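Just below is one structure, and these are the notes that go with it.
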There are 2 protein chains.
Amino acid sequence: MNAPYTSLQFAPRAMPAVMLEALKARFGERCSTALAVREQHGRDESPIDAPPPEAVVFAESNEDVAFVLKLAHAHAVPVIPYGVGSSLEGHLLAVQGGVSLDVSRMNKILRVNAEDLTVTVQAGVTRNQLNNEIRHSGLFFPIDPGADASLGGMAATRASGTNAVRYGTMRENVLGLTVVTAAGDVIQTGTRARKSSAGYDLTRLFVGSEGTLGVMTEVSLRIYPLPEAVSAAVCFFPTIDAAVQTTIQIIQMGVPIARCELLDPHAVRAVNKHDKLTLREAPMLLMEFHGSPAGVAEQAQTVQEIAREFGGEDFEWATTPEARTKLWTARHHAYLSALQTRPGCRCVTTDTCVPISRLAESINESVAEVEAEGLPYFIVGHVGDGNFHLGYLIDPNIPEERDTAERLSHQMVQRALRLEGTCTGEHGIGLHKMGFLVEEAGVGAVALMRQLKAALDPQNIMNPGKIFSA
Amino acid sequence: MNAPYTSLQFAPRAMPAVMLEALKARFGERCSTALAVREQHGRDESPIDAPPPEAVVFAESNEDVAFVLKLAHAHAVPVIPYGVGSSLEGHLLAVQGGVSLDVSRMNKILRVNAEDLTVTVQAGVTRNQLNNEIRHSGLFFPIDPGADASLGGMAATRASGTNAVRYGTMRENVLGLTVVTAAGDVIQTGTRARKSSAGYDLTRLFVGSEGTLGVMTEVSLRIYPLPEAVSAAVCFFPTIDAAVQTTIQIIQMGVPIARCELLDPHAVRAVNKHDKLTLREAPMLLMEFHGSPAGVAEQAQTVQEIAREFGGEDFEWATTPEARTKLWTARHHAYLSALQTRPGCRCVTTDTCVPISRLAESINESVAEVEAEGLPYFIVGHVGDGNFHLGYLIDPNIPEERDTAERLSHQMVQRALRLEGTCTGEHGIGLHKMGFLVEEAGVGAVALMRQLKAALDPQNIMNPGKIFSA
């Protein structure tokens with residue numbers, strides 16, 4: 001079992017004064033040791049508290065990043081890449097001290113190759129910034145983890161979100177990278193070609209490596225033509241199971257649905273209150289269809305027929321872009337909205353993902369268990385992928401609630417693994433799921449991951465203590 | 001520049017007698033040292049000759065593979081995984097001696113999970129075997145490199161082929177693996193979930209590793225519902241450029257075409273003769289559309305309009321499954337058919353892949369160069385991916401022809417790299433493109449690949465001398 005948050009050990013390595021001096025000499029005010037700045041960089045959206053990093057450096061170029069890494073390498077001091085701080089699993093916490101390397105000022109869109117449907121950005125560019133930039137060309141980048149995350153951070157956690165059922169995840173959509181290695185060398189991985197068999201797939205080794213192998217400073221991505229037609233609809237079901245069964249059949253029939261999201265009644269109630277909506281407080285699928293007008297109509301008809309079989313009501317369509325935006329904004333507020341239903345609470349979020357045929361079992365049993373405990377919770381899910389998040393809303397001052405949430409979370413993971421799924425569909429391992437990773441991948445595979453880490457980062461300076469215990 | 005074939009150095013490492021005895025003791029007749037068997041396993045479809053391996057072992061289980069690797073690891077003897085021998089870049093050649101580990105008897109389809117659209121097979125299962133097995137369930141596996149390759153081999157070279165433009169390559173379609181590591185440990189990578197953020201992406205590290213990091217013994221794959229409607233058509237163009245421009249526009253408009261193949265007049269002439277067809281001997285696109293009947297009609301109409309703009313003639317439809325099969329069989333015979341146009345010749349095949357907007361430049365200049373040299377050639381191409389194969393048909397007894405082909409091939413690669421593409425879209429590096437890999441990825445990235453190799457295979461026993469010079 002995973003160590004509970006409260007038992008985490010922190011063992012900061014001291015940064016030699018000479019290193020801090022060298023950083024200050026190069027970066028001036030772009031190297032900060034102010035407590036407020038360090039504290040801001042020493043946390044993320046996880047419910048974990050840790051001491052802040054010793055310093056924060058704001059990088060503006062590959063050369064800046066290489067300078068920091070060469071220095072850190074020489075002094076064996078940890079470096080934690082930082083984008084916008086939206087990760088969920090304690091990825092950004094300075095559990096071994098060191099430097100937070102903030103790349104948010106590396107926010108240039110370097111090239112848009114509309115004719116190839118590719119774009120190259122610096123790692124600090126956020127997904128909304130990118131979409132605002134390319135929308136006028138009739139293009140979009142679909143990966144949508146909810147938060148306006150940096151594209152480097154999204155690559156680092158192998159993020160996905162609401163559109164992954166149709167467009168894939170960061171794994172499928174990163175074409176190539178510029179990486180600064182742990183030794184401070186700048187390398188390129190991949191090309192702008194759609195496919196390649198040229199040597200080891202370094203791109204996908206770095207995608208999902210959570211900052212533990214090097215710093216991704218530039219990312220080349222696939223982008224897509226804005227669909228000719230887009231329709232969004234909500235549909236309400238008598239039970240969560242009915243909504244899930246509908247989803248399973250949609251996927252099994254190969255309907256190219258673009259988004260297929262579940263909200264349970266707790267989540268619907270929360271967004272109604274937060275976004276002043278009047279959605280029925282019942283299990284709900286929020287769906288979107290992309291394609292030609294005829295194609296979208298055809299998909300929608302198929303899905304309505306399936307939904308009806310499982311007692312789903314007729315679709316309520318969001319026909320205008322404004323109505324669609326309102327719904328998706330509400331969906332993206334679900335986490336925040338749910339937190340507000342229990343003042344002072346913190347959320348322990350789960351992220352299991354299972355093969356689609358196992359999704360009903362995965363959700364239904366998890367719901368039964370949390371209902372039996374009486375802990376407040378909510379569910380939102382990228383159910384088209386077999387992925388959902390059950391959030392336990394705990395009072396951080398009641399240790400029993402934290403313990404219960406941790407125990408239920410562990411049971412969920414064990415169930416997902418039994419169902420041949422994964423402990424994390426999109427959030428990553430970070431600090432909190434290291435034990436789950438061993439349960440999932442096995443000791444042998446994790447040992448192999450450690451060998452890779454040791455080969456590329458022999459000083460263990462890159463975000464140490466994440467993915468594996470230090 | 002790459003070393004020409006003729007200057008390759010072979011440095012077999014001797015296998016200690018004690019190792020051969022141990023292999024014979026365990027495997028009996030499944031360990032062969034017969035010259036005919038060794039020679040059959042000491043070549044592939046590349047035009048390279050090398051000494052055969054010292055022994056061939058026919059593995060039937062993970063335990064067999066682990067036994068061989070533990071022994072090889074102890075004695076530092078090379079092991080070369082062997083599927084059906086259809087690779088093109090000298091991957092199977094025993095350039096450092098050792099054992100050819102034939103997994104073709106590991107040919108069981110272990111599980112079909114139709115309801116999840118996944119299948120798990122042993123590495124020796126071929127793609128046709130798999131498709132014959134699942135067709136009756138209304139399912140298919142789309143990746144189609146032409147040859148009836150083993151799925152382990154296809155994973156090892158990150159293969160793709162005619163359907164990749166719609167369904168992706170092995171990179172996108174392998175969900176997980178059973179791998180026997182160089183030390184002889186059996187590990188699992190990935191799960192049957194569609195996505196995961198659990199640690200490093202070991203699956204994609206092994207996919208495309210060309211047998212140099214371990215032996216893939218089991219492969220979990222995505223499969224797809226057979227499309228409701230399928231239509232294939234050919235269309236002829238006044239010039240290769242016109243066919244390529246048509247392709248570029250199809251892709252840029254986001255038409256979800258399932259196959260989009262170019263044959264130049266030489267290739268058409270060759271397949272006409274070989275398959276007794278009467279296709280017009282002009283630049284030709286061979287296309288296939290998958291979807292609902294309405295969707296397929298819509299795609300076909302869009303593509304016809306585009307083709308007409310570039311002087312393409314009206315589609316000739318292959319409406320029956322038999323007519324479709326005839327066309328695709330002819331396409332798959334193109335390589336063999338072309339070889340037969342020049343008795344006694346060998347083919348130096350290229351495999352560049354570039355961003356779609358650069359495809360016309362990539363093809364047109366390559367054609368101009370080979371035309372200027374007067375060397376016989378043909379072109380077939382997965383042009384929807386920006387990938388094509390120009391085959392130089394050389395007389396192996398005329399060294400000048402080989403030199404010319406090598407020089408032109410190198411020029412093509414340099415052009416592809418200038419156009420931000422790759423030296424190999426789907427065949428891999430093997431023996432022949434090691435120099436190209438350095439030109440493409442750079443010294444730093446290749447050094448990093450070598451670090452990975454050294455970490456996972458410290459004795460350098462896994463298919464040594466491939467991807468990197470030994």
Side-chain angles (χ1 to χ4, degrees), chain A residues 113 115-116 118 157-158 160 164 169 172 181 185 187-189 191-202 204-205 207-209 225 252 254 292 294-295 298 353-357 385-387 420-429 437 440-442 444-445 448-449 451-452 455-456 467, chain B residues 113 115-116 118 157-158 160 164 169 172 181 185 187-189 191-202 204-205 207-209 225 252 254 292 294-295 298 353-357 385-387 420-429 437 440-442 444-445 448-449 451-452 455-456 467:
Chain A
N113 291 95
E115 71 288 7
D116 293 320
T118 72
T157 54
R158 209 180 289 128
S160 51
T169 72
E172 287 81 19
T181 69
D185 297 323
I187 64 163
Q188 309 288 329
T189 76
T191 69
R192 287 208 301 115
R194 279 169 69 125
K195 64 183 193 185
S196 172
S197 290
Y200 303 153
D201 194 345
L202 297 183
R204 261 141 291 273
L205 180 62
V207 169
S209 64
Q252 288 178 345
S292 67
E298 194 174 52
C353 182
V354 297
I356 194 75
S357 72
D385 293 328
N387 180 214
E420 301 179 82
T422 177
C423 65
T424 174
E426 55 182 22
H427 293 167
I429 297 297
L437 177 64
E440 174 172 332
L448 200 149
M449 292 183 202
Q451 288 174 317
L452 299 175
L456 299 197
I467 301 186
Chain B
N113 292 95
E115 72 286 7
D116 293 321
T118 72
T157 54
R158 208 179 290 127
S160 51
T169 72
E172 288 81 20
T181 68
D185 297 322
I187 64 163
Q188 310 287 330
T189 74
T191 68
R192 288 207 302 114
R194 280 169 68 125
K195 65 182 192 184
S196 172
S197 291
Y200 302 154
D201 193 345
L202 297 183
R204 260 141 291 271
L205 180 62
V207 170
S209 64
Q252 288 178 346
S292 67
E298 194 174 52
C353 183
V354 297
I356 194 73
S357 73
D385 293 328
N387 180 213
E420 300 180 82
T422 176
C423 65
T424 175
E426 55 182 22
H427 293 168
I429 297 297
L437 176 63
E440 174 172 333
L448 199 148
M449 293 184 201
Q451 288 174 316
L452 298 175
L456 300 196
I467 301 185

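Predicted model only: the values in this text are computed from it and were never measured. Scope of the values below: all heavy atoms of this structure, side chains included, with no hydrogens, waters or symmetry mates. Letters A, B, ... mirror the listed sequences (proteins, then strands); counts begin at 1.
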If one checks every heavy atom of A/E440 against chain B at 4.5 Å, the contacting part turns out to be side chain
So which of A/G199, A/G295, A/P355 has the biggest tally of heavy-atom pairs under 4.5 Å with chain B?
A/P355
Compute whether any side-chain donor of one residue and acceptor of the other, for A/K195 and B/T169, lie under 3.5 angstrom apart.
no
Can you tell me which of A/A455, A/A193, A/S196 forms the most heavy-atom pairs within a distance under 4.5 Å of chain B?
A/S196
When only pairs under 4.5 Å are counted, which of A/T189, A/D185, A/D385, A/I467 shares the most heavy-atom pairs with chain B?
A/D385
Could you tell me the separation between the CZ atom of A/R194 and the CD1 atom of B/I356, rounded to the nearest 0.5 Å?
7.5 Å
A/D201 versus chain B, the contacting section by heavy-atom distance below 4.5 Å
both
Could you tell me which of A/E172, A/Q451, A/H427, A/Q252 has the largest number of non-hydrogen atom pairs under 4.5 Å with chain B?
A/Q252
Straight-line distance of A/R204 CZ to B/R204 CZ, nearest 0.5 Å:
8.0 Å
Scanning both residues in full, the closest heavy-atom pair of A/S357 with B/D116 reads N-OD1, 2.6 Å
For A/R158 against B/Y200, the heavy-atom pair lying closest together:
NH2-C, 3.8 Å
Only pairs of heavy atoms separated by less than 4.5 Å count here; which of A/N113, A/L205, A/V207, A/I187 has the most with chain B?
A/I187
Go through A/S209, A/G208, A/A441 and name the one with the most non-hydrogen pairs under 4.5 angstrom from chain B.
A/S209
What part of A/T118 is in contact with chain B, defined as an atom under 4.5 angstrom from a non-hydrogen atom: side chain, backbone, both or neither?
neither
Output, in order, the C-alpha distance, side-chain angles, deciding distance and verdict of side-chain contact (heavy atoms from CB on, under 4.5 Å) for A/L456 and B/L452.
CA-CA 8 Å; A/L456 299 197; B/L452 298 175; 3.8 Å; yes
